[in-house]
Amino acid sequence: MIKCFVSGYWKSNLGDDLFLKIVCERYPHVKFYTFLDKKNSEQFKQYNNLTIIYNNFLFRIVNKLMRKMGMLQLQDILGPLLAKNFLEIGGSIFMQDKRWQYRLKQRNYARNQYSKYFIIGSNFGPFYDQEYEEKYKELFDSVDGISFRDSYSYNLFAEKNMTKASDVIFGLSTSEYKRQNKKKQVVISVVDNDSKNKDTSFNLQDKYESEIITTINKLTQEGYDVILMSFCKYEGDTDVINRIYSRLGNNNHVKTFEYFHDIESALKLIADSEKVIASRFHACVLGLLFGCKVLPIAYSDKMMNLIQDIYKEKKWLSIKEFVNSDINSENFIYLSENAAKLIGRDAENQFQFLDGFMKQIDF
């Protein structure tokens, strides 16, 4: 049996959890290994081909000390002892921050220790200096296959071991979810803008939450039920929906939903809805995939690049545009079932290099 260590952002974020679900289901004959906290593992226990090594208290303490000394993490060292192949899957995994050199050190070590190294589903950036781009070009030139999810990232490098394909989640099977006869219901996914934007002088989060409240009141007056949805508690979504909900008063048409372990309930909630107001990148992807009318609110370039690859024009609102806009039906976008199927087939190309490798293996 082929063995593969899979690395990702495992913080009970709906989008990233779907990545791991899709990989485990796509390759049932591959034995995957990953490290994550026990509290974030419940949704993955059904997969017999996934072995989870838990980050217990002692594990986390040792890692913290090793990181402070500039040493590699335990999972960096133990991973190659468990598997010969390495898969890194995730969206915004190449953002430049103050720890980027340490993260690059980990990746270069993985490149040298594993026989094969694949990267799936990512975008590149934002980044702020040429050294960052050049160092990653050196890494990318040495790996066995990279699948970017937007044209901007692909065009930065455009090497023979790279491809561009639609986001992995566009390839999710939709046969269990209806596109017609939707409920008169709107899902609103939120973000904590203060944690994602360096410029807080604009009081952006307060204005954003106030505009969400205004939008909710307008929607409920029009007869819609509204679901305030948290995609990731760790990143502050739950705090945001709770603050908004507490300011709404006694509005019986508004409920909250916090994603935590229950992938199917989260997907069904979105699929059943007529509209999605999407601050989360994968709320936009899932809404379009399930045939909802979607209002994309872009807190970063990644959603802008996603929409532009599909529509070739501006069909989103920035956060600042959203807080200064009067939302109407013209702000919502939609994908027909045929269009969604075409994009889904393109998303299959995310696995081009990994599929090619797997075909060489005699299971």
Side-chain angles (χ1 to χ4, degrees), residues 1-25 27 30-95 97-114 116-122 168 192 195-196 230-239 258-263 266 280 282:
M1 174 179 281
I2 190 167
K3 296 179 180 180
C4 184
F5 184 87
V6 56
S7 174
Y9 181 76
W10 315 139
K11 299 288 187 181
S12 287
N13 179 306
L14 177 58
D16 292 279
D17 286 359
L18 283 169
F19 285 156
L20 191 51
K21 165 186 165 71
I22 289 169
V23 165
C24 289
E25 292 177 353
Y27 303 107
V30 175
K31 185 66 174 178
F32 291 105
Y33 297 86
T34 197
F35 288 79
L36 51 79
D37 294 343
K38 190 170 185 177
K39 65 181 180 180
N40 296 322
S41 67
E42 191 67 33
Q43 60 272 41
F44 303 124
K45 288 182 178 178
Q46 62 180 300
Y47 299 112
N48 295 325
N49 60 333
L50 177 66
T51 296
I52 298 170
I53 298 95
Y54 294 117
N55 298 328
N56 59 30
F57 178 75
L58 180 60
F59 194 101
R60 292 193 295 273
I61 292 296
V62 172
N63 265 346
K64 186 175 182 180
L65 291 172
M66 294 175 74
R67 189 166 55 245
K68 281 187 175 182
M69 293 186 289
M71 298 170 64
L72 293 168
Q73 303 286 272
L74 289 175
Q75 59 266 34
D76 299 324
I77 298 165
L78 296 175
L81 302 177
L82 297 170
K84 291 183 178 180
N85 308 292
F86 185 67
L87 169 61
E88 188 168 8
I89 185 166
S92 299
I93 56 177
F94 296 115
M95 297 186 294
D97 58 23
K98 62 183 180 182
R99 293 182 62 242
W100 73 266
Q101 290 173 316
Y102 179 78
R103 189 70 191 95
L104 182 63
K105 177 181 178 179
Q106 292 176 291
R107 288 176 167 131
N108 280 322
Y109 180 81
R111 170 62 285 181
N112 292 326
Q113 295 299 311
Y114 290 96
K116 297 290 182 180
Y117 185 157
F118 299 96
I119 298 169
I120 288 177
S122 69
V168 169
D192 179 358
S195 70
K196 297 181 180 298
S230 165
F231 268 52
C232 183
K233 180 179 180 179
Y234 180 79
E235 294 189 358
D237 293 20
T238 301
D239 291 337
E258 178 187 346
Y259 167 70
F260 195 64
H261 298 162
D262 192 349
I263 290 176
R280 280 282 177 188
H282 281 118

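Because the structure is a prediction, the values reported are computed rather than measured. Computation of the quantities below employed the complete heavy-atom set of this structure, encompassing side-chain atoms and omitting hydrogens, waters and symmetry-equivalent molecules.
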| request: Using modelled atom types only, decide if a donor and an acceptor are shared between the side chain of R67 and the backbone of G70 within a distance under 3.5 Å. | output: no

| Is I22 close to I89 at the side-chain level, that is, under 4.5 Å between some pair of heavy atoms? | no

| Do the side chains of I93 and Y9 get nearer than 4.5 Å, heavy atoms only? | no

| With sequence neighbours excluded, what pairs up with F118 under the ring-ring contact (aromatic ring centres under 6.0 Å, His included) test? | F357

| query | Quick check: are there more than 12 heavy atoms from other residues, nucleotides or ligands sitting under 6.0 Å from CG of N48? | reply | no

| query | Any side-chain heavy atom of L18 sitting closer than 4.5 Å to one from K21? | reply | yes

| note | Rounding to 0.5 Å, atoms NZ (K116) and NZ (K84) come to a distance of 12.0 Å

| request: For atom CE of M95, decide whether the heavy atoms of other residues, nucleotides or ligands shown that lie under 6.0 angstrom number more than 12. | output: no

| Where do K39 and S12 land on the side chain to side chain contact (heavy atoms under 4.5 Å, CB included) test, with the steps shown first? | CA-CA 9 Å; K39 65 181 180 180; S12 287; over 6 Å; no

| N40 vs F260, side chain to side chain contact (heavy atoms under 4.5 Å, CB included): CA-CA, chis, key distance, verdict | CA-CA 8 Å; N40 296 322; F260 195 64; 3.9 Å; yes

| query | With no hydrogens and no angle check, do the side chains of K31 and T51 hold a donor and an acceptor under 3.5 Å apart? | reply | yes

| query | Are any of the side-chain heavy atoms of I120 and V23 separated by less than 4.5 Å? | reply | no

| note | All heavy atoms of S122 vs all of I119, minimum pair found to be OG-CG2, 4.0 Å

| Y102 and Q73: side chain donor to acceptor below 3.5 Å | yes

| Atom CZ of R280 and atom CD of E235: how far apart are they, to the nearest 0.5 Å? | 4.5 Å

| field | Check against side chain to side chain contact (heavy atoms under 4.5 Å, CB included), L72 and K105 | value | CA-CA 8 Å; L72 293 168; K105 177 181 178 179; 4.2 Å; yes

| query | Should the pair F5 and F86 be assigned to parallel (<30°), tilted (30 to 60°) or perpendicular (>60°) ring geometry? | reply | parallel

| query | Is it true that atom OH of Y54 has more than 12 heavy atoms of other residues, nucleotides or ligands lying nearer than 6.0 Å? | reply | yes

| task | Can you measure from NE2 (H261) to NZ (K45) and round to the nearest 0.5 angstrom? | result | 8.0 Å

| remark: Tightest non-hydrogen contact, residues L74 and M66, listed as CD2-SD, 3.9 Å

| field | Exceeds 12 heavy-atom contacts within 6.0 angstrom, atom NZ of K38 | value | no

| query | How far does CD1 of I52 sit from CD of E42, to the nearest 0.5 angstrom? | reply | 9.0 Å

| message | Looking at K11, is its backbone amide N or carbonyl O close enough to the side chain of D16 to form a donor-acceptor pair, meaning the two atoms are under 3.5 Å apart? | response | no

| Does any donor atom in the side chain of D237 or Y259 lie under 3.5 Å from an acceptor atom in the other side chain? | no

| request: Would you check if I53 and F35 make a side-chain contact, meaning some heavy-atom pair closer than 4.5 Å? | output: yes

| Rounded distance (nearest 0.5 Å) linking atom CZ of F59 with atom CG of L78 | 6.0 Å

| query | Taking the side chain as C-beta and beyond, is there a heavy-atom pair between Y47 and F32 under 4.5 Å? | reply | no

| query | How many angstroms lie between atom CZ of R111 and atom CG of L104, to the nearest 0.5 angstrom? | reply | 13.5 Å

| query | Do you know the tightest heavy-atom contact between C24 and N49? | reply | O-ND2, 3.0 Å

| query | How about N63 and Q75: does a side-chain donor come under 3.5 Å of a side-chain acceptor? | reply | yes

| So do F231 and H282 actually touch side chain to side chain, heavy atoms under 4.5 Å? | yes

| Of the non-hydrogen atoms in V168 and G121, which two are nearest, and what is the gap between them? | CG2-CA, 4.0 Å

| Any side-chain heavy-atom pair of T34 and F44 under 4.5 Å | no

| request: Would you check, one step at a time, whether the test side chain to side chain contact (heavy atoms under 4.5 Å, CB included) holds for Q43 with L20? | output: CA-CA 10 Å; Q43 60 272 41; L20 191 51; over 6 Å; no

| task | Determine the minimum heavy-atom distance between R107 and F94, stating which atoms define it. | result | CZ-CE2, 3.4 Å

| query | Do you know the tightest heavy-atom contact between A83 and Y33? | reply | CB-CD1, 4.3 Å

